[in-house]
Amino acid sequence: AVPLRFKLPLFNTGVVSNATASVEFKRDEQNNSSFQVEIEDVPVGDYNLLIGGVLHATVSVVSDGSGGTRGQVEFSDEPDAGELQLNFDPLGQRVEVTSNGATYFARTLPDGN
């Protein structure tokens, strides 16, 4: 496999103007992959992570103890404790973070080629 690594911001749609989110994708020579989504400074609560329109995880956002909020979810080919199975290919897919019918962040990822 061709190693690939990128970290990109997700685009804020304006529901919470100062909120931020990012995605990170890693693939090594052995084709082991991991995919992480992190969201910050949105209201505390549960958010849906949609990849290509399919719900793959719920991201629980909690207070970070310094006035902000933070939540993340990590997928891996060989998940450790607290990680989810990476049983889909996020490359080239639209990533969306939604809650209560509103889309907070969205971006279509590069296809990796």
Side-chain angles (χ1 to χ4, degrees):
V2 178
L4 178 67
R5 181 172 191 158
F6 62 78
K7 183 169 185 175
L8 294 169
L10 293 179
F11 299 126
N12 184 325
T13 61
V15 178
V16 180
S17 59
N18 64 329
T20 58
S22 63
V23 297
E24 187 171 11
F25 181 84
K26 292 182 276 208
R27 181 177 68 209
D28 66 17
E29 294 85 351
Q30 286 77 46
N31 206 31
N32 295 317
S33 299
S34 67
F35 177 64
Q36 179 179 316
V37 177
E38 183 174 39
I39 54 181
E40 295 182 340
D41 298 327
V42 294
V44 167
D46 289 340
Y47 293 78
N48 300 316
L49 177 63
L50 300 164
I51 314 287
V54 178
L55 178 63
H56 279 285
T58 299
V59 183
S60 295
V61 173
V62 297
S63 170
D64 66 7
S66 61
T69 63
R70 184 172 177 276
Q72 74 170 42
V73 62
E74 187 160 359
F75 300 89
S76 177
D77 288 341
E78 298 172 1
D80 294 325
E83 296 179 343
L84 299 173
Q85 182 72 41
L86 183 62
N87 55 4
F88 59 95
D89 183 2
L91 299 178
Q93 299 286 337
R94 183 170 169 84
V95 177
E96 295 171 282
V97 177
T98 70
S99 179
N100 296 323
T103 299
Y104 285 72
F105 304 100
R107 181 169 190 157
T108 299
L109 299 184
D111 63 11
N113 296 322

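No experiment lies behind these values; they were computed from the predicted model shown.
Contact annotation: the side chain of R107 approaches that of L8 to within less than 4.5 Å [non-hydrogen atoms, C-beta and beyond]. At least one side-chain heavy atom of I51 sits under 4.5 Å from a side-chain heavy atom of F88.
Using a distance-only test at 3.5 Å, with no hydrogens or angles considered, no donor-acceptor pair links the side chain of R70 to the main chain of E38. Judged purely by atom type and a 3.5 angstrom limit, T103 has no side-chain atom pairing as donor or acceptor with the backbone of F105. T69 contributes no side-chain N or O that, together with a main-chain N or O of E40, makes up a donor-acceptor pair within less than 3.5 Å. Of the possible donor and acceptor atoms, none in the side chain of D41 sits under 3.5 Å from a partner among the backbone N and O of G68.
By the criterion of side-chain heavy atoms lying less than 4.5 angstrom apart, applied directly or through intervening Ile, Leu, Val, Met, Phe, Trp or Tyr residues, L50 is not grouped with V37; the two fall into different hydrophobic clusters. Each of F35 and L55 belongs to its own hydrophobic cluster when Ile, Leu, Val, Met, Phe, Trp and Tyr are linked at side-chain heavy-atom distances under 4.5 angstrom. Note on V16: it does not cluster hydrophobically with V44, by side-chain heavy-atom contacts below 4.5 Å among ILVMFWY residues.
Residue pairs meeting the ring pair (Phe, Tyr, Trp, His ring centres under 6.0 Å) criterion with at least one member in residues 7-30, sequence neighbours excluded: F6-F25.
Looking at D46 and S60, their side chains do bring a donor and an acceptor atom within 3.5 Å of each other.
Checked against salt bridge (Lys or Arg N to Asp or Glu O under 4.0 Å), E96 has the following partners two or more places apart in sequence or in another chain: R94.
More than 12 heavy-atom neighbours from other residues, nucleotides or ligands sit within 6.0 angstrom of CG on N87. The local environment of CD in Q30 is crowded, with over 12 non-hydrogen atoms from other residues, nucleotides or ligands closer than 6.0 Å.
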